[in-house]
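Numbers restart at 1 for each chain; the letters A, B, ... are given by sequence-line order, proteins then strands.
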There are 2 protein chains.
Amino acid sequence: MDDLSQGQGFMLSETARLKERFKEYLASEGLKYTRQRKVIADVFFKEGEGHRSLNELLATAQVEYASMGYATVYRTMKLMTDSGVALEHKFADTGLTLYEPNLEGDHHDHIICLTCGRIVEFEDEGIEERQEVVAKTYGFKVRKHRHEIYADCIKPVCEFRH
Amino acid sequence: MDDLSQGQGFMLSETARLKERFKEYLASEGLKYTRQRKVIADVFFKEGEGHRSLNELLATAQVEYASMGYATVYRTMKLMTDSGVALEHKFADTGLTLYEPNLEGDHHDHIICLTCGRIVEFEDEGIEERQEVVAKTYGFKVRKHRHEIYADCIKPVCEFRH
DNA sequence: CTTCTTGCAAAATTTTTGCATTACA
DNA sequence: TGTAATGCAAAAATTTTGCAAGAAG
C-alpha cells in the first residue's frame with residue numbers, strides 16, 4: 001500500500017499515469033481521444049518495451065486495429081511528444097526516430113551497442129552536474145541534452161549478438 | 001622554431017596537415033587527388049570555418065569550380081570521414097549533416113544555442129572520465145560518443161540572435 | 001590505356017502535409 | 001452537427017546510387 005495515486009484507492013502504474021496525462025492533454029487542447037489514439041497509447045505504454053520506431057508501433061497497433069495508418073501513428077506520437085509523455089530519439093546509427101515513454105524521475109542517457117544494436121540506459125549524476133557547470137561557463141542555460149555512448153561489449157563475443 | 005613537421009624545414013598548419021593526410025589516404029587506397037577533391041579540401045580546411053553542410057560546401061566550392069556537383073562533394077566528404085580527417089555531425093535541430101575538420105588532439109563536444117543556432121565547442125575531462133567508468137560498469141568499451149547540450153543564452157537577449 | 005571520378009538524374013529513405021471522408025464529443 | 005481525426009497518396013527533404021562520359025596516373 002505504498003502508492004495510492006489520485007486518492008482513488010487504487011494504484012496506477014507509471015505508464016498508466018502517462019496515459020492519463022496524455023488524455024488530459026488532449027482534453028485541455030480540445031482534441032479527441034479516438035479509438036486509434038487509444039490503441040496507439042496502449043501499445044506504446046505497454047510496459048517493458050523500450051525504444052520503438054513508427055513502423056514497429058504501426059505493426060503492433062494494426063494487430064488491434066487493422067486499418068491503422070502510418071500517418072495516424074506519426075501524428076499521435078507527435079502529440080505524445082508535444083505533451084511530454086514520450087521522448088523522441090534519433091540515434092546516429094539507424095537514421096530512424098525511436099520513441100520511448102517519458103517516465104517521471106527517470107532521466108537517463110543511452111549506450112548503444114555497436115555489435116548488436118542493443119540500447120542500454122544509464123544515468124550519472126556527476127556528468128549531469130558537470131554539464132550544468134560547463135554550460136554556465138559558456139554563458140548558457142541547459143534546456144535539454146543528448147548524450148550517447150557508442151560502444152562494444154567487453155565480453156569476447158557479444159552475448160546479445162544477432 | 002617550435003613545429004618543424006615532416007623534417008621539411010617549414011611549418012604546416014593543423015589544417016594543412018589534415019589535407020596532407022587526406023592526400024596520403026587517397027594514394028594508399030589507389031584513389032586520385034582530382035581537381036575537384038583539391039577544391040573541396042581547400043574549401044573545407046580553410047581555417048576559421050566551423051560546421052558546414054554539404055550545400056554550403058558545394059556553394060563555396062562552385063565559386064572556384066563552377067561545374068562542381070553535389071554528389072562529388074557528398075562522396076568526397078565521405079572519403080574524408082572514412083580517412084578520419086573530417087567528422088560528421090547530425091544535430092537534433094537541423095536534420096542536416098554538418099562536417100567539421102578533425103583537428104588532432106582537439107576532441108570536443110557541442111553546445112547548440114536554441115536561440116540563434118550558434119554552435120559552441122566544449123571539452124570537459126571530468127565528463128570524459130566518468131563516461132569511461134559508466135560504460136565499463138555496464139560491460140562496454142567506449143568507441144565514440146555524442147554529447148550535445150541544447151541551451152539558451154543567459155543574457156537577456158541573445159547577442160547572436162539572427 | 002586502364003581505372004577511377006564526375007555530374008546528372010533517378011532511387012531510396014524518412015518525415016511531413018493536403019484533402020476528401022469518417023467519426024468523435 | 002460542427003470540428004477534429006483518419007487514411008491515403010502525394011510532397012518534401014535528405015541521402016545514396018547507376019551510369020555514360022571525361023579525367024587522372
H110(B) and F91(B): aromatic ring centres closer than 6.0 Å? yes
Quickly work out the Y25(A) OH to dA5(D) C1' distance and round it to whole Å. 15 Å
Sub-6.0 Å ring centroid separation between H145(A) and H107(A): yes
So does R21(B) pair up with E24(B), basic N to acidic O under 4.0 Å? no
Cluster overlap F122(A) with I127(B), hydrophobic side-chain contacts below 4.5 Å: yes
Only residue of E123(B), H147(B), E100(B) satisfying side-chain hydrogen bond (donor to acceptor under 3.5 Å, both in side chains) with H108(B) is E100(B)
Do K144(A) and Y150(B) meet the cation-pi criteria used here (NZ or CZ under 6.0 Å from the six-membered ring centre, within 45° of the axis)? yes
Five-pair end axes of the helix from dC1(C)-dG25(D) to dA25(C)-dT1(D) and the angle they enclose, rounded to 10°: 30°
Spacing of K38(B) atom NZ relative to dG25(D) atom P, expressed in whole Å: 13 Å
Going 5' to 3' through nucleotides 14-25 of chain C and flagging B where a protein heavy-atom sits under 4.0 Å of the base, S where only the sugar-phosphate is that close, and - otherwise, we get SBBBB-----BS
Whole angstroms only, please: what is the CG-C1' distance between L26(B) and dA24(D)? 12 Å
First of S67(B) and E29(B) reached from the 5' end of DNA chain C, by closest nucleotide: E29(B)
NZ of K23(A) versus P of dA5(D): gap in Å, rounded? 16 Å
Please say yes or no: joined through hydrophobic side-chain contacts below 4.5 Å, possibly via intermediate residues, are L103(B) and Y99(B) part of one cluster? yes
When rounded to the nearest 0.5 angstrom, what distance separates CD1 in I112(B) from CD1 in I119(B)? 6.0 Å
